Structure formats: structure tokens, C-alpha cells
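Written out below as C-alpha cells is the structure these notes cover.
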Amino acid sequence: MKKVLWLLLAALPYPAVASVEDPLARPCYMCTASEMYERAESFGVGKHYIYNGASWTNIQGFDVTEVNGQRVATHFVPEPWIRTQYNQMMRVYDQTRDEFVDPWGTVSLQPPGVPHVLLEGPQSNTVLWGHHVAGVNPRNLEAREIARRMITRAIRFDYLHADKEHGRVLRIESPWGGVTPLISRLNILHTYLGFIEFYFDHETRRWEYLESGDRYARMQETPEDFLHAGGAPRDFLYRKEYRELRPYFMDRAKWAGVEIIGELPGYVDMVFSCSRVQGKTQCRIVQR
């Protein structure tokens, strides 16, 4: 994907590559002290971090060596920066998503460029929201960079800089496998404009765009998102109370090469009913 030149001027908030590998904290839910020792020994010789998934503060370090053919774990107190990052991340743990989600109250940023459509209310034109960062939007890279810079400069994420020596960021393994992601969720000033989410990438030390949505649905990142997986028909409901969102849906469809059939109604609920017809995606306007 072609880069916009001014994006290259943005300074990275963290070292592009950590000089030392990010440590991994492994779960041991409701474990006793002796069970933590056993858990550490099960991972073999080396330095291991074990956390009690039921506690915001209980993360322990173990140095496992081999003595007379047996693994022996020796406890040590984790480094201060590890404890700082662990404590802060556990405070924003979302159990329903199994992710660390830091939600911003409300955010108001200006979108790139001049609005291309005039709506009844000015908010959708002047506030950066999911429509601007959606993958089908031709200027999505600029919009994402604006949001990324706000997240990057936020004091709330200073704990990611806690390792002054190497710039490492603790990875925390989920009880269900894989590293639990850290997500920054920007709730847009006007609630019907939805949210924008970024995740922290351990490889690049950058916040990367994840997804966004308005009050009713996720933003379309590709033309395929106007349909369900496998190409099944899909309906997008837009109620009368937030009818100003409808022209934006039509813009995203146009950018994606999706045909809109029908005219927007007045103060009534409606649906964009999308399906594939003769190999092309169409969205028909249907009143409810």
C-alpha cells in the first residue's frame, strides 16, 4: 500500500526493534506458591515469569536450573518495570474479550482534508471517526496516523516506557493461549459515531489500526465487508434517529465499487440490504 509522504515524518514512540526480547509472563490461575514453582520448572531451564490470573499484582520470577538431572526453580522478585507494566495492564483487562482494553472517555480529532458531503448536523463532518479510518476510504492512512499520534503521545501509556534500559514491553500469555493484546479504544465525542481501536505491536513498537465502527456496524475495510463471510447477503440497519450516518455508508460503498439502488428515505428506519447479483455487490435501500 502506497505510503503518504508526510506519514514518514512521524517519530516512532518506541525503539523500532527491542535490543532484548520482550519477556513473557505465563498464567497460573489461583495457584499456590508451590504450584508456581512447579509451573516454572515445567518450562525448562531459563528465566520465567509466572502470574496469578486472579490477582492484579501477583507476578513472580523464577530462575530454573538443572541440578543432578532435576529442574530446580529459584524465586526472584521481578524487575520494577515488569511489575509496573503488569499492574497497569491488568487494570484494563476485559474478561469478556480476553484483551487489555484501555477505553478513552471521548475523543475529538479533526479528519484530514475537506468534507466531501454536507449533512444536517456538523458533527460527522468535523470529527474524525470510523468512516475516515475505514480501509475503503482513500485517505484512511492519513486519518489513522492522526489517531495514532494522539495515542502515542498520551500520558496514560507512559508505563510502556518503564524499561529505561532496553525499551522492552511485557507480553502476557492468555490462559487460552497466545499473547493477550493491548488495545486502545477511542470512543468518539458523539456516541453514534462509535469507536476506533488500535493495538500495540510488540515487533514494531507502534500502535497499529485494528478496527472501527459506528453505532450500528463495523466499518468496511474491504469491498467484501459489505457481505457476510462467503458472500452471503447482509443487512445494515440505520434507524431514523441517526439518519445522518446514511450518506457516509453510501460513500464507503462508492469507494468500494458497490452499487446503491434506491433513494434515501426521510425520518424512518431503513436498511441497506446488500447481496451479490451477477457477480457484483449491490446494496438496496429498504424502508422498515
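Please read these numbers as outputs of a predicted model, since none were measured by experiment. No hydrogens, no waters, no symmetry mates; every other heavy atom, side chains included, goes into these values.
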* Structure fact -> Heavy atoms of Val127 and Pro111 approach each other most closely as C-CD, 3.8 Å
* Less than 4.5 Å apart, any side-chain heavy atom of Met219 and any of Arg252? -> yes
* Minimum heavy-atom distance Trp81-Asp163, with the two atoms named -> CD2-CB, 3.6 Å
* Take Trp56 and Tyr86 through the ring-ring contact (aromatic ring centres under 6.0 Å, His included) test and state the conclusion after the steps. => CA-CA 8 Å; Trp56 284 3; Tyr86 175 78; over 10 Å; no
* If the plane angle is over 60° it's perpendicular, under 30° parallel, otherwise tilted; pick one for Phe62 and His75. => perpendicular
* Asked: Does Trp207 have Arg149 sitting over its ring (NZ/CZ under 6.0 Å from centre, angle to axis within 45°)?
  -> no
* To do: For Met89 and Ile172, run side-chain contact (heavy atoms from CB on, under 4.5 Å): C-alpha distance rounded to whole Å, both residues' side-chain angles, the deciding distance at 0.1 Å, then the answer.
  => CA-CA 9 Å; Met89 291 172 71; Ile172 301 180; 4.2 Å; yes
* Residues, nucleotides or ligands: over 12 heavy atoms within 6.0 Å of Arg234 CZ -> yes
* What closest approach, in Å, do Ala232 and Leu227 show between heavy atoms, and which atom pair accounts for it? -> O-CB, 3.5 Å
* Is the shortest heavy-atom distance from the side chain of Gln88 to the side chain of Phe157 under 4.5 Å? -> no
* Asked: Are Val286 and Ile260 linked, directly or through other ILVMFWY residues, by side chains that come within less than 4.5 angstrom of each other?
  -> no
* NE2 on His132 to CD1 on Ile146, rounded to 0.5 Å -> 9.0 Å
* Asked: Do Tyr199 and Leu210 pass the side-chain contact (heavy atoms from CB on, under 4.5 Å) test, and can you show the C-alpha distance, the side-chain angles, and the key distance before you say yes or no?
  -> CA-CA 6 Å; Tyr199 70 94; Leu210 179 61; 4.1 Å; yes
* Test: Lys47 and Glu79 ion pair at under 4.0 Å -> yes
* **Side chain proximity check, Ile285 to Leu264, heavy atoms < 4.5 angstrom** => yes
* Check against side-chain contact (heavy atoms from CB on, under 4.5 Å), Met270 and Arg246 -> CA-CA 9 Å; Met270 62 143 292; Arg246 300 168 183 175; 3.3 Å; yes
* Partners passing ring pair (Phe, Tyr, Trp, His ring centres under 6.0 Å) against Tyr238 (at least two apart in sequence or in another chain) -> Tyr216, Phe249, Phe272
* Donor on one side chain, acceptor on other, Ser273 and Asp235, under 3.5 Å -> yes
* To do: Taking all heavy atoms of Val268 and all of Gln287, pick out the closest pair and write down the distance.
  => CG2-OE1, 3.8 Å
* Asked: Can any side-chain N or O of Asp214 pair as donor or acceptor with the backbone N or O of Ala217 at less than 3.5 Å?
  -> yes
* Charged N to carboxylate O below 4.0 Å: is that the case for Glu21 and Arg168? -> no
Less than 3.5 Å apart, which donor and acceptor atoms pair up between the side chains of residues 25-41 and the rest of the protein, not counting sequence neighbours?
residue: Thr32; atom: OG1; partner: Ser34; partner atom: OG; Å: 3.2
residue: Thr32; atom: OG1; partner: Glu35; partner atom: N; Å: 3.3
residue: Thr32; atom: OG1; partner: Glu35; partner atom: OE1; Å: 3.4
residue: Glu35; atom: OE1; partner: Thr32; partner atom: N; Å: 2.8
residue: Arg39; atom: NE; partner: Pro27; partner atom: O; Å: 2.8
residue: Arg39; atom: NH2; partner: Pro27; partner atom: O; Å: 3.1
residue: Glu41; atom: OE2; partner: Ala73; partner atom: N; Å: 3.1

* Asked: Out of curiosity, Cys274 SG to Gln282 CD, how far, rounded to the nearest 0.5 Å?
  -> 10.0 Å
* Linking I/L/V/M/F/W/Y whenever their side-chain heavy atoms sit closer than 4.5 Å, directly or via other members, would Tyr51 and Tyr49 fall into one cluster? -> yes
* Asked: In terms of hydrophobic clustering (I, L, V, M, F, W, Y; side-chain heavy atoms under 4.5 Å; direct or indirect links), are Leu245 and Phe195 co-clustered?
  -> no
* Answer with yes or no whether the side chains of Asp22 and His202 bring together a donor and an acceptor at under 3.5 Å. => yes
* Structure fact -> Glu221 and Ser212 have their tightest heavy-atom pair at OE2-OG, 4.3 Å
* Would you call Asn137 and His131 a side-chain contact if the rule is heavy atoms closer than 4.5 Å? -> yes
* Are side-chain N/O atoms of Ser184 and Trp104 paired as donor and acceptor at under 3.5 Å? -> yes
* When rounded to the nearest 0.5 angstrom, what is the spacing between OG1 in Thr106 and CG in Asn187? -> 8.0 Å
* Asked: Would Leu189 end up clustered with Leu186 when hydrophobic side chains under 4.5 Å apart are linked, directly or stepwise?
  -> no
* Leu170 backbone acceptor or donor facing Gln85 side chain under 3.5 Å -> yes
* Roughly how far apart are Phe76 CZ and Thr74 OG1, rounded to 0.5 Å? -> 10.0 Å
* Answer yes or no: is there a donor N or O on one side and an acceptor on the other, between the side chain of Arg153 and the main chain of Met150, under 3.5 Å? => no
* Assess whether salt bridge (Lys or Arg N to Asp or Glu O under 4.0 Å) is satisfied between Glu208 and Arg148, documenting all intermediate values. => CA-CA 7 Å; Glu208 302 292 351; Arg148 187 205 319 274; 3.3 Å; yes
* To do: Report the hydrophobic cluster partners of Tyr267, with the cluster defined as I, L, V, M, F, W, Y residues connected by side-chain heavy atoms closer than 4.5 angstrom, directly or transitively.
  => none
* With Arg215 as the cation and Tyr192 as the aromatic partner, state whether NZ or CZ is under 6.0 Å from the six-membered ring centre and within 45° of the axis. => no
* Asked: Distance from Asp94 atom CG to Asp102 atom CG, nearest 0.5 Å?
  -> 11.5 Å
* Would Ile50 end up clustered with Val64 when hydrophobic side chains under 4.5 Å apart are linked, directly or stepwise? -> no
* To do: Without swapping roles, check the side chain of His161 against the backbone of Asp158 for a donor-acceptor pair under 3.5 Å.
  => no
* Asked: Would the number of heavy atoms belonging to other residues, nucleotides or ligands and lying under 6.0 Å from CZ of Arg288 be above 12?
  -> no
* Answer yes or no: does atom CD of Glu241 have more than 12 heavy-atom neighbours from other residues, nucleotides or ligands under 6.0 Å? => yes
* Side-chain touch Asn52/Thr57, heavy atoms, less than 4.5 angstrom -> no
* **Gap between atom OG1 of Thr180 and atom CE of Met90 - 0.5 Å precision** => 8.5 Å
* Asked: Are Glu197 and Arg185 close enough for a salt bridge, meaning some N to O gap below 4.0 Å?
  -> yes
* Asked: So, Arg205 side chain and Gly167 main chain: donor-acceptor pair closer than 3.5 Å or not?
  -> yes
* Asked: Among side-chain atoms of Asn140 and Tyr209, is any donor-acceptor pair under 3.5 angstrom?
  -> no
* **N-O pairing of Glu244 and Arg239 below 4.0 Å** => no
* Please check if any side-chain donor atom of Asp98 sits under 3.5 Å from a side-chain acceptor atom of Ser174, or the reverse. => yes
* Over all heavy atoms of both residues, which pair between Ala147 and Leu109 is shortest? Give the atoms and the distance, please. => CA-CD1, 3.9 Å
* Asked: Tell me, do Pro181 and Phe200 make a side-chain contact under 4.5 Å, heavy atoms counted?
  -> no
* Chi angles and distances behind the side-chain contact (heavy atoms from CB on, under 4.5 Å) call for Val133, Ile196 -> CA-CA 8 Å; Val133 299; Ile196 299 172; 4.1 Å; yes
* Pairing of Asp225 and Arg218 as salt bridge, 4.0 angstrom limit -> no
* Asked: Hey, does Phe236 have a side-chain heavy atom less than 4.5 Å from the side chain of Gln220?
  -> yes
